[in-house]
Protein chains: 2
Amino acid sequence: MKLTTKGRFAVTAMIDVAMHNAQEPVTLAEVSERQKISLSYLEQLFGKLRRAGLVASVRGPGGGYNLARPSAMVSVADIIVAVDEPIDATRCGGAQNCHEGEVCLTHDLWAGLNAHIFAYLRGVSLQSLVDAAHSRDALRKSAPTKPATVVLQERRPSLLAPLLGV
Amino acid sequence: MKLTTKGRFAVTAMIDVAMHNAQEPVTLAEVSERQKISLSYLEQLFGKLRRAGLVASVRGPGGGYNLARPSAMVSVADIIVAVDEPIDATRCGGAQNCHEGEVCLTHDLWAGLNAHIFAYLRGVSLQSLVDAAHSRDALRKSAPTKPATVVLQERRPSLLAPLLGV
DNA sequence: TATAATCCGACTGAACTCGTCGGATTTTGG
DNA sequence: CCAAAATCCGACGAGTTCAGTCGGATTATA
């Protein structure tokens, strides 16, 4: 699953599309501006997302991207798998580290972890992320104690942040 | 947490030490031979494991490494954190991708995932991995239908194997 | 026909990872 | 006291991977 910044960008971009997809398709230029991701990079990502069947494209002027199915039916796992192609699985599946024909000591451990992570990300829908963003917005508006231009989010460097490079 | 092969090797090596640690300390030369990991690399790993307080070293001839505490009290998370030092957490903790002073759309998602993975690995003790290895051994001995030299473990390429590059 | 947009493959600079190497230090045994 | 066994340590390099760019092709609109 690999969990690189590419996957993170893809999820962010998909949320953006889901939030702005009324009738008109959403152009990558808009996403680029809103999310501060370079257009070229977005093109690369959405090529994969389209091939994976997560978005549908409309070419030409007035075109852009639509979600291929309702956001409630798209999971984060879907997005990441689409974008961060699995590398060669020949790590522990073959004779690489598994020594002398035996399954290596930790095989089951990593397999279990994989299943765990996958299940977690599979359980998070795009819709739920959109909802979360909306409720954050609502919360911020209901308590506008400072001018919006100066509001800086307080940094909260989670103890767990370094894990997985997030 | 990063989950690289370095972490995997460290876990494997720790299992090996736990399984062979009677009174005498275990030398890295033995671990190297049994687990097919280069000695130099093991030295590098065990330097970190020692600094993290997971193993204790005995120098000079007859020396080697002992577990610093009972294997039931060492988790996989401990080992991986000791070896795969956290990279710069400046991914989402600051203003990098979080744009315009707001928390980026996916912040909570990744934080939750981290916590999830960490909890999982925290729940797996070194002892449990040793037990699993022992029961695999017992199973293989109890059904010796073929000469041991020819027994090849059947490959079972899990569907989830590509995830995380395991 | 000009323009807005997706589409695509190749490429590069930078970072990171794996693993090595040479040597220093400590301790045991003869 | 000395040789050998072992840990200890920092630096380095080859290879790989990743993030992001670039130039241009294609498609559709107006």
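Every chain is numbered from 1, with letters handed out A, B, ... down the list of sequences. Heavy atoms only: backbone and side chains are in, while hydrogens, waters and symmetry mates are out.
The distance from atom CG of Leu42(B) to atom C1' of dT7(D) is 12 Å, rounded to the nearest whole Å. Between the OH atom of Tyr41(A) and the C1' atom of dC8(C) there is a distance of 16 Å, rounded to whole Å. Here the P atom of nucleotide dC9(D) and the CG atom of Leu39(B) are 15 Å apart, to the nearest Å. Across the protein-nucleic acid pair, Arg8(B) atom CZ and dG19(C) atom P stand 11 Å apart, rounded to whole Å. For Asp84(B) and dC16(C), the CG to P distance is 13 Å, given to the nearest whole Å.
For Thr5(A), a side-chain nitrogen or oxygen approaches OP1 or OP2 of dA19(D) to under 4.0 Å. Between dT17(D) and Thr4(A), no contact under 4.0 Å exists linking OP1 or OP2 to a side-chain N or O. Taking side-chain N and O atoms only, Ser38(A) has no distance below 4.0 Å to OP1 or OP2 of dA19(D).
Evaluation of the salt bridge (charged side-chain N to carboxylate O under 4.0 Å, His left out) rule for Asp78(B) yields Arg69(B), Arg122(B) as partners, not counting sequence neighbours. Residues that satisfy the side chain to side chain contact (heavy atoms under 4.5 Å, CB included) test with Arg59(B), not counting sequence neighbours, are absent from this structure. For Asn66(A), there are no side-chain hydrogen bond (donor to acceptor under 3.5 Å, both in side chains) partners at least two apart in sequence or on another chain. Glu24(A) is linked by a side chain to side chain contact (heavy atoms under 4.5 Å, CB included) to nothing, counting only residues two or more places apart in sequence or in another chain.
Across all strands shown, Ser57(A) has heavy atoms under 4.0 Å from sugar-phosphate atoms exclusively, and none from any base.
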Tell me which donor-acceptor pairs under 3.5 Å the side chains of residues 37-54 of chain B have, and how far apart each pair is, sequence neighbours excluded?
{"unit_1": "Ser38(B)", "atom_1": "OG", "unit_2": "Tyr41(B)", "atom_2": "N", "d": "3.1"}
{"unit_1": "Lys48(B)", "atom_1": "NZ", "unit_2": "Val83(B)", "atom_2": "O", "d": "3.4"}
{"unit_1": "Lys48(B)", "atom_1": "NZ", "unit_2": "Glu85(B)", "atom_2": "OE2", "d": "3.3"}

Hey, can you pull the donor-acceptor pairs under 3.5 Å for the side chains in residues 127-134 of chain B, sequence neighbours left out?
{"unit_1": "Gln127(B)", "atom_1": "OE1", "unit_2": "Ser71(B)", "atom_2": "OG", "d": "2.5"}
{"unit_1": "Gln127(B)", "atom_1": "NE2", "unit_2": "Asp131(B)", "atom_2": "OD1", "d": "3.0"}
{"unit_1": "Ser128(B)", "atom_1": "OG", "unit_2": "Ser125(B)", "atom_2": "O", "d": "2.7"}

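Looking at residues 44-51 of chain A, you'll see Gln44(A) sit with a heavy atom under 4.0 Å from some atom of DNA chain D. Taken residue by residue, residues 22-31 of chain A places no heavy atom nearer than 4.0 Å to DNA chain D.
Looking only at side-chain heavy atoms (C-beta outward), Phe118(B) and Val81(B) come within less than 4.5 Å of each other.
Checked by atom type and distance alone, the side chain of Ser32(B) never pairs as donor or acceptor with a backbone atom of Leu28(B) at under 3.5 Å.
The side chain to side chain contact (heavy atoms under 4.5 Å, CB included) test with Val11(A) singles out one residue from Val124(A), Ile79(A), Leu126(A), and that residue is Ile79(A).
The pair Asp16(A)-Arg34(A) meets the salt-bridge criterion, with a side-chain N (NZ, NE, NH1 or NH2) lying under 4.0 Å from an Asp/Glu carboxylate O.
For the ring pair (Phe, Tyr, Trp, His ring centres under 6.0 Å) condition, no pair includes a residue of residues 16-35 of chain A, sequence neighbours left out.
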Measure all distances between protein nitrogen or oxygen atoms and nitrogen or oxygen atoms of nucleotides 23-30 of chain C, and list the pairs falling under 3.5 Å.
{"unit_1": "dT25(C)", "atom_1": "O2", "unit_2": "Arg59(B)", "atom_2": "NH2", "d": "2.6"}

